[in-house]
Structures are given as structure tokens and as C-alpha cells.
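First the structure, in the form of C-alpha cells, and then the observations on it.
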Amino acid sequence: MKKENDEITDLFRARLADTGMNVRDGFWEELSQDIPVACQHRRRLLLFRVAAAASVLLVLAASSATFLYFSPKEEMEEAFTKIAATNGGQMDGDGIRVNQLPLPVEPVLQKPAPQSFGMLSQYTEDEDSLAFTFSMSFSFSSTATGHERPYGNERHSGYWQAANGNTETSVGREEERADLPVTSEKIMKKRCWAVKAQVGMALPAEDGTYKIPVSAGVTVERKLNDYLGIETGLLYSNLRSVGQHLHYLGIPVRVNVTLVDTKKVDLYATVGGVADKCIAGASDNSFKEEPVQLAVTAGIGINYKINDRLAVFAEPGVSHHFSTDSKLATVRTKRPTNFNLLCGLRMTY
């Protein structure tokens, strides 16, 4: 590097000497010091440009992968199925094949009755004479196309075969159209059951004696209609303090009311209650020493739908625990009315 800098300095000095220009004292020393700095700055600028280009490519690749992973494939398939059902077609791979109408059947005209031409000759010379009759008949037919067709059973067979063919085609199309609304109804049928896996926490006591209570549970929700649902399950709670570690098992019962229902986000209100029982941690976990503790809850929930079945939810709310005859003091005794937050996954069926 030093050798290259000296070569550049000598070349520049030779050019100035040829032009007869004089330079100030210390100019060549300053030039020798500035050239490495400029080269290093240029290398840094080049590295910065390469890093910026690599960052842009990485962001584009990550965005494409995220879009492909989270793209609503089932919703797109459902939309194509609706279009196929509306236009009377069927899904064929990634496209829609429209049902082809049957070719029009050429009408067959009723053939006229055969015309007969006869010739009758009688001899009545006297009463004992005999009479002879001689007749000849000719038959012909004409159709709309002008082609000759034989008269007899073949005509009737051909005529009824054409009629039966049209009838079967019409019946098949009617059955196919009758099946299309049923398929659409199956696709559009909303799922009424949901399983929710959740974890939550509440505020601790103000003096710091009691730590943050945590909870975890699994609940099942049943939609009664488009706006109303009922939820219940099991909920485990852990209450900790200095020298005390209590475990509770509760049964929550909540009513959920849908406020806003969109394609990706649902907003709902929830109200209900929970019955908790201390199962471990106390000196005596019997119902007499540690009775069931009741509480009422209320809050607002929001669902974000990842796809047609899976969603993430968050439920901020408030709860109030009623006092019991328990001799143990907990965070619920210190703060009976508390704010809590539940988060988790929601799977619909």
C-alpha cells in the first residue's frame, strides 16, 4: 500500500514539474498522508454499497417468503369455487372449466302418411261377371335436411332416441345445478366450535409483598349464532408471595358478544365469572379451610385470523374476587379488583 502511495505521489510530482508549477512547503508530506485516507474512505463506501444491496435483497426474500407462508390459500380456493358455482363450471386444477352445453339436436319432422295410388278395373257385362281390383302404393318422406329416411320402426327408433338423449342431458344439467348450491352452502358454513389455549397475568400488590399472579388454561367456545357465544374450560392460577406459593384451579364461564367481524380481525366483548379452589400450597387445602373463591370478569377481546382456522387473540379486562373465610392472605385479598390480560391461540372447528 505504501509503495502504491509513493508511486502516485511521484507521478503527481513529475506532472507538476513538467508544468513548472511551484508548491508550498510540506505539500508532498500532506499529500502522502491524505492519499491513504482517501483510499480507505473509498473502500468503506464500496463496502457500504455492497451491504446496502445485500440488505435490500434479504428484505425482498424475507417478504416473499412471508407472503407465501401467510397467503390465504383456503380463501382463494373458496373464492374460485364460488365463481365456478356461479358460472356453472367445475374446478380443474388451478383453473375453472365451464360446463359445455350439449350440441343442439336437429329436429326431426313428422313424416307424412304414405300416399296410395290405385287403379280399379271392373267388368259388369252381366250379373255373373267377376270383378278384379289391382292397387299399387308408393311411400315417400322428407325431412328438414332433405335426406331420405326409411319409414317404419327405424324412423320411430331414431326419433325417440333423439328425444331420450335430450331428456337425459337436461336431467343431468338440472342435477348438476342442483348440486352447486349445496356445495356453496358447505363451503360458506361457519364453524361453531373453538378451542382456546391461553396464558395471562394480573397486576401485583402495590407494596411489592405479592408478586405478579400468572395463569394458564384451555377453554372451549360454542357459537350460538353469528353474534353470541358461550365459553368454559379449566384455568390454573399461581399466586406467589414471600414464603407462600399457592396453586388454584378454576372453572371459568364467559359469554362472548361479537361487536365487529371482518375478514382478518374480530372485536368482541366478554363478561362472566370464575370459581377458583386452592389445590396446593396451603397447610390445609380442604373446602372448610380453603373454600371456593368466586369472581366476576369483564373485558374486550380482539382476534387476528392467521388463516381460516387459526387465530391469535388478546383479552384485556378487569376482575373482582369476593372475600372468603380463608385465613391465607393473597394478592386477591390485597387487591380484590385487578386488571388482567389474557393472550393465546384460537382454533376453530
Side-chain angles (χ1 to χ4, degrees), residues 193-224 228-259 266-304 311-347:
W193 291 93
V195 177
K196 300 170 66 175
Q198 54 194 328
V199 295
M201 60 181 63
L203 296 178
E206 297 177 356
D207 55 3
T209 306
Y210 303 99
K211 298 181 180 180
I212 296 176
V214 295
S215 61
V218 177
T219 58
V220 178
E221 182 184 5
R222 175 68 165 86
K223 294 288 288 185
L224 303 179
L228 190 63
I230 187 169
E231 180 182 353
T232 186
L234 290 177
L235 186 64
Y236 165 79
S237 300
N238 190 335
L239 306 183
R240 297 172 296 167
S241 63
V242 179
Q244 183 175 285
H245 200 176
L246 301 178
H247 305 271
Y248 285 81
L249 188 63
I251 300 177
V253 177
R254 292 191 288 261
V255 176
N256 301 328
V257 181
T258 302
L259 303 178
D266 293 344
L267 184 66
Y268 60 94
T270 177
V271 61
V274 59
D276 284 322
K277 174 66 178 69
C278 182
I279 58 174
S283 57
D284 187 358
N285 297 315
S286 63
F287 282 90
K288 183 178 180 180
E289 295 295 330
E290 294 297 330
V292 175
Q293 187 175 23
L294 301 178
V296 292
T297 61
I300 295 293
I302 182 170
N303 280 331
Y304 177 77
V312 293
F313 71 92
E315 293 182 8
V318 61
S319 62
H320 178 78
H321 290 81
F322 299 99
S323 60
T324 63
D325 296 335
S326 175
K327 298 178 181 179
L328 296 177
T330 62
V331 65
R332 296 172 178 176
T333 307
K334 192 71 174 178
R335 189 195 287 268
T337 302
N338 202 349
F339 291 96
N340 50 65
L341 175 64
L342 293 176
C343 300
L345 295 175
R346 184 175 186 269
M347 179 72 73

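Just the heavy atoms: all of them, side chains too, but no hydrogens, waters or symmetry mates, feed the values below.
- Within 6.0 Å of the NZ atom in Lys223, the count of heavy atoms belonging to other residues, nucleotides or ligands exceeds 12.
- The CD atom of Gln244 sits 12.0 Å away from the NZ atom of Lys211 when rounded to the nearest 0.5 Å.
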What verdict does the side-chain contact (heavy atoms from CB on, under 4.5 Å) test give for Ser215 and Leu342, after you've listed the backbone C-alpha separation in whole Å, the side-chain angles of each residue and the deciding distance to 0.1 Å? CA-CA 9 Å; Ser215 61; Leu342 293 176; 4.1 Å; yes
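- Contact record, Asn285 with Ala280: ND2-CA, 3.7 Å, taken as the closest heavy-atom pair.
- With rounding to the nearest 0.5 angstrom, the NZ atom of Lys327 is 9.5 Å from the CG atom of Asp284.
- Heavy-atom contacts from other residues, nucleotides or ligands closer than 6.0 Å to CG of Asp207 number more than 12.
- A donor-acceptor contact shorter than 3.5 Å is absent between the side chain of Thr219 and the backbone of Thr232.
- Across all non-hydrogen atoms, the minimal contact from Leu246 to Gly281 is CD2-C, 3.6 Å.
- Distance check: Tyr268 OH to Thr258 OG1 gives 9.0 Å after rounding to the nearest 0.5 Å.
- To the nearest 0.5 angstrom, Arg240 atom CZ is 8.0 Å from Ile212 atom CD1.
- Counting heavy atoms from C-beta on, the side chains of Tyr210 and Leu239 never come closer than 4.5 Å.
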Could you walk me through whether Leu234 and Ile251 pass the side-chain contact (heavy atoms from CB on, under 4.5 Å) check? CA-CA 5 Å; Leu234 290 177; Ile251 300 177; 4.1 Å; yes
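- In this structure, Ile230 and Glu221 have side chains that are not in contact, with every pair of non-hydrogen atoms separated by 4.5 Å or more.
- When each of Asp266, Leu228, Leu224, Thr270 is paired with Asn256, the side chain to side chain contact (heavy atoms under 4.5 Å, CB included) condition holds for Thr270 and for no other.
- A donor-acceptor pair is defined here as one N or O able to donate and one able to accept, closer than 3.5 Å; such a pair exists between the side chain of Asn338 and the backbone of Leu203.
- Of all heavy-atom pairs spanning Cys278 and Ala282, the tightest one is SG-CB, 4.1 Å.
- Between Pro336 and His320, the closest side-chain pair of non-hydrogen atoms falls below 4.5 Å.
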Val195/Val218 under side-chain contact (heavy atoms from CB on, under 4.5 Å): CA gap, chis, key distance, verdict: CA-CA 7 Å; Val195 177; Val218 177; 4.1 Å; yes
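- Residues meeting the side chain to side chain contact (heavy atoms under 4.5 Å, CB included) test with Ala275, sequence neighbours left out: Val292, Leu294.
- Shortest non-hydrogen contact noted between Pro291 and Ser326 is CD-N, 4.2 Å.
- Considering OG1 of Thr333 and CG of Leu328, their distance stands at 8.5 Å, rounded to 0.5 Å.
- The shortest distance between side-chain heavy atoms of Val274 and Tyr248 does not fall below 4.5 Å.
- Environment of CZ in Phe322: crowded, with over 12 heavy atoms of neighbouring residues, nucleotides or ligands closer than 6.0 Å.
- Residues forming a side chain to side chain contact (heavy atoms under 4.5 Å, CB included) with Asn340 (at least two apart in sequence, or on another chain): Ala202, Ser319.
- Considering only residues two or more places apart in sequence or on other chains, Lys196 meets the salt bridge (charged side-chain N to carboxylate O under 4.0 Å, His left out) condition with Glu231, Glu315.
- Without hydrogens or angle criteria, Lys277 side chain to Glu290 main chain gives a donor-acceptor distance under 3.5 Å.
- Looking only at side-chain heavy atoms (C-beta outward), Thr209 and Lys334 stay at 4.5 Å or farther from each other.
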Assess whether side-chain contact (heavy atoms from CB on, under 4.5 Å) is satisfied between Ser237 and Arg332, documenting all intermediate values. CA-CA 12 Å; Ser237 300; Arg332 296 172 178 176; 3.5 Å; yes
